[in-house]
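Okay, structure first, notes after.
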Protein chains: 2
Amino acid sequence: MSGRSRTRYAVLGALSQHPMSGYDVKGVLETIVGHFWHESFGQIYPILRELVAGGLATVDTERGAGRPERHVYTVTPQGTAELNRWLAEPVDHHQRPRHELLLKLFFGAGLPREVTLRLVERHREEVEVMLATYGEIRIALQDESIANDRGRPFWLATLRYGELTAEATLRWCDETAELIRALADSQETAALDGASAATGL
Amino acid sequence: MSGRSRTRYAVLGALSQHPMSGYDVKGVLETIVGHFWHESFGQIYPILRELVAGGLATVDTERGAGRPERHVYTVTPQGTAELNRWLAEPVDHHQRPRHELLLKLFFGAGLPREVTLRLVERHREEVEVMLATYGEIRIALQDESIANDRGRPFWLATLRYGELTAEATLRWCDETAELIRALADSQETAALDGASAATGL
DNA sequence: TCCAACATGTAAGGAGTTACATGATTTC
DNA sequence: GAAATCATGTAACTCCTTACATGTTGGA
């Protein structure tokens with residue numbers, strides 16, 4: 001019932017691909033969707049229960065000899081309707097992001113230049129790793145088993161979003177690193193004066 | 001004491017600019033920092049209390065005749081040390097983002113093309129608004145009162161981040177809208193067949 | 001006269017993470 | 001024999017938002 005938790009829709013969305021277990025839902029959310037969404041088991045399992053209680057999904061329990069139980073969830077027509085209703089709703093633009101690096105830079109003028117530079121360089125490395133991950137996802141999406149899936153163009157679009165913003169971020173990192181280096185020359189003495197206070201020693 | 005709440009550092013950061021009230025902290029966080037950070041009063045006031053209790057800040061209460069009380073907080077040297085310690089720490093890369101639009105697109109292949117198109121176009125409009133806001137912030141940062149502030153280059157850098165990623169997003173929106181339109185032609189019949197089921201009617 | 005801005009706080013509750021608890025099967 | 005993967009769930013706790021409660025000053 002509750003407010004604006006989007007977890008139920010992420011789970012419903014995963015199930016809409018094909019029936020699967022809670023463990024599988026987590027897997028889907030971690031791999032292809034992982035670069036822009038995530039859910040923990042602590043969220044997924046209770047939600048699956050709610051979905052069944054609300055008639056949006058059904059469960060089948062598979063028992064292999066001695067194997068752990070496997071609960072396979074299937075979306076009902078009501079579940080599909082509820083998912084599609086939400087998908088068509090305008091995006092809730094209300095949640096503002098929190099970007100820790102930017103916060104650190106914003107208040108980091110008093111730090112020695114190597115420290116802020118390091119922050120930016122580290123971020124650059126992480127973005128490079130992300131870009132590499134996108135490359136892997138792109139290869140996975142070339143698999144012929146999904147070549148004709150009607151979802152594929154949209155999956156590629158979400159990937160493209162990651163690539164374009166990552167590339168922009170890379171450019172920003174280079175620009176900003178350059179800026180900090182340029183700043184260093186004119187602030188050399190100030191940085192030295194302030195170094196001990198700035199690092200709190 | 002707690003885990004990884006960054007609220008205390010955001011507040012400490014605001015106070016590090018100059019002594020101010022809780023109301024002012026909110027103001028700072030909403031204006032120049034607003035495009036990449038936010039805090040609610042429900043967080044700010046308790047944190048200010050904690051900061052004083054922990055010796056990281058001090059309070060002065062201003063009483064104008066009949067006016068509401070104004071509590072002005074000042075960072076102590078320990079507060080500055082604690083802030084700088086955190087600022088120099090590598091960014092906690094652990095928090096993955098949640099991008100609602102991408103989630104909707106990812107699972108939205110079954111929707112009529114106008115619906116997904118609308119989602120993308122709406123996003124484009126919002127990004128344009130953001131870019132306009134950045135323009136206003138840029139003008140505010142040209143004010144001569146802060147022209148010599150050593151923080152200014154860093155403030156401009158955070159702004160630049162917003163601009164570069166917003167521009168990349170704009171490009172993505174155009175590309176994706178084009179893609180959806182192209183898709184429509186080949187999926188016309190499928191869209192018509194599935195329209196009633198897709199909208200849940 | 002009313003509204004916006006200034007100003008401070010608390011309480012309830014929702015959202016989400018992390019750690020815990022448990023155990024089988026498969027692969028190296 | 002160990003580690004990774006498959007598999008399900010709960011409990012405690014943190015974080016954060018929202019709503020509530022209250023009151024002043026200044027401008028349109």
Side-chain angles (χ1 to χ4, degrees), chain A residues 1-11 14-15 19-31 34 36-53 57 59-73 92-98 100 103, chain B residues 1-11 14-15 19-31 34 37-53 57 59-73 92-100 103:
Chain A
M1 316 295 89
S2 52
R4 50 193 63 65
S5 173
R6 295 157 300 173
T7 298
R8 50 193 288 108
Y9 301 108
V11 173
L15 295 182
M20 61 176 83
S21 68
Y23 190 84
D24 294 336
V25 169
K26 172 80 170 162
V28 165
L29 293 176
E30 251 176 19
T31 51
F36 62 85
W37 207 266
H38 67 276
E39 296 291 346
S40 63
F41 281 125
Q43 292 272 101
I44 293 168
Y45 285 116
I47 285 282
L48 284 170
R49 211 167 247 236
E50 278 177 37
L51 291 178
V52 174
V59 209
D60 273 298
T61 303
E62 288 179 2
R63 278 188 200 80
R67 283 222 253 92
E69 283 197 345
R70 190 181 146 84
H71 305 302
V72 178
Y73 295 84
D92 182 5
H93 187 56
H94 196 55
Q95 6 248 322
R96 270 169 306 169
R98 288 181 155 186
E100 188 175 319
L103 190 68
Chain B
M1 317 288 94
S2 52
R4 51 193 62 67
S5 173
R6 295 156 300 171
T7 298
R8 53 195 283 110
Y9 302 108
V11 173
L15 294 181
M20 60 176 83
S21 68
Y23 190 84
D24 294 336
V25 169
K26 172 79 170 164
V28 165
L29 293 176
E30 250 176 18
T31 51
W37 206 266
H38 67 275
E39 296 292 347
S40 62
F41 281 125
Q43 291 273 102
I44 293 169
Y45 285 117
I47 286 282
L48 284 170
R49 209 168 248 235
E50 278 176 37
L51 292 178
V52 174
V59 210
D60 273 297
T61 302
E62 288 179 1
R63 280 190 200 77
R67 283 225 252 91
E69 283 198 344
R70 190 182 145 86
H71 306 301
V72 178
Y73 295 84
D92 183 5
H93 186 56
H94 197 54
Q95 5 248 324
R96 271 167 307 168
R98 287 181 156 188
H99 199 303
E100 189 176 318
L103 190 67

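Protein chains get the first letters and strands the later ones, always in sequence-line order, with residue 1 at the start of each.
- One atom, CZ of B/R8, and another, C1' of D/dC15, lie 14 Å apart when rounded to the nearest Å.
- The CD1 atom of A/I47 sits 14 Å away from the P atom of D/dG9 (whole-angstrom rounding).
- At a threshold of 4.0 angstrom between heavy atoms, the contacts of B/R98 are confined to the sugar-phosphate backbone, with no base atom among them.
- Axis angle across the helix from C/dT1-D/dA28 to C/dC28-D/dG1, with five pairs used at each end and values rounded to 10°: 40°.
- Of all the heavy atoms in A/R70 and A/S21, the pair that sits closest is NH1-OG, 3.5 Å.
- Between the side chains of B/T61 and B/H71, at least one donor N or O lies within less than 3.5 Å of an accepting N or O.
- For B/E100 (side chain) and A/D92 (main-chain N/O), a donor-acceptor pair under 3.5 Å exists by modelled atom type.
- Between B/E39 atom CD and C/dG9 atom P the separation is 17 Å, expressed in whole Å.
- The structure places CE of B/M20 at 14.0 Å from NZ of B/K26, a figure rounded to the nearest 0.5 Å.
- The minimum heavy-atom distance linking B/Y23 with B/Y45 is given by the pair N-OH, 3.7 Å.
- Atom CG in B/D92 sits about 17 Å away from atom P in D/dT14, given to the nearest Å.
- D/dT17 atom C1' lies 16 Å from atom OH of B/Y45, rounded to whole Å.
- In this structure, the CD1 atom of A/I44 is 12 Å from the C1' atom of D/dG9, given to the nearest Å.
- In this structure, B/H38 does not reach the D/dC16 phosphate: none of its side-chain N or O atoms is under 4.0 Å from OP1 or OP2.
- The phosphate of D/dG9 has OP1 or OP2 within less than 4.0 Å of a side-chain N or O from A/H71.
- Under the side chain to side chain contact (heavy atoms under 4.5 Å, CB included) criterion, B/P19 pairs with B/V72, B/T74, sequence neighbours left out.
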Can you give me the N/O atom pairs linking the protein to nucleotides 18-22 of chain C at distances under 3.5 Å, or say none if there are none?
unit_1 : atom_1 : unit_2 : atom_2 : d
C/dT18 : OP1    : B/H94  : NE2    : 3.4

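- Taken to the nearest 0.5 Å, the CG atom of A/L48 stands 10.5 Å off from the CZ atom of A/F41.
- Annotation: the span from B/R8 atom CZ to B/L15 atom CG amounts to 12.0 Å, rounded to 0.5 Å.
- If you find the closest nucleotide of DNA chain C to B/V72 and to A/T7, the one lying nearer the 5' end belongs to B/V72.
- The NE2 atom of A/H94 lies 7.5 Å from the CZ atom of A/R96; values are rounded to the nearest 0.5 Å.
- Between the OH atom of B/Y9 and the CG atom of A/L103 there is a distance of 11.5 Å, given to the nearest 0.5 Å.
- Rounding to whole angstrom units, CD of residue B/E50 and P of D/dC16 are separated by 12 Å.
- Atom CG of A/L51 and atom P of D/dG9 are 13 Å apart (whole Å).
- Under the side chain to side chain contact (heavy atoms under 4.5 Å, CB included) criterion, A/P46 pairs with no residue, sequence neighbours left out.
- In this structure, of C/dG9, D/dG9, C/dA7, it is D/dG9 that holds the atom nearest to the side chain of A/R49.
- With sequence neighbours excluded, the residues that form a side chain to side chain contact (heavy atoms under 4.5 Å, CB included) with B/E39 are A/R98, B/T7, B/A10, B/L29, B/W37, B/Q43, B/I44.
- Heavy-atom distances under 4.0 Å link DNA chain C to B/S21, B/G22, B/Y23, B/D24 of residues 21-28 of chain B, given in residue order.
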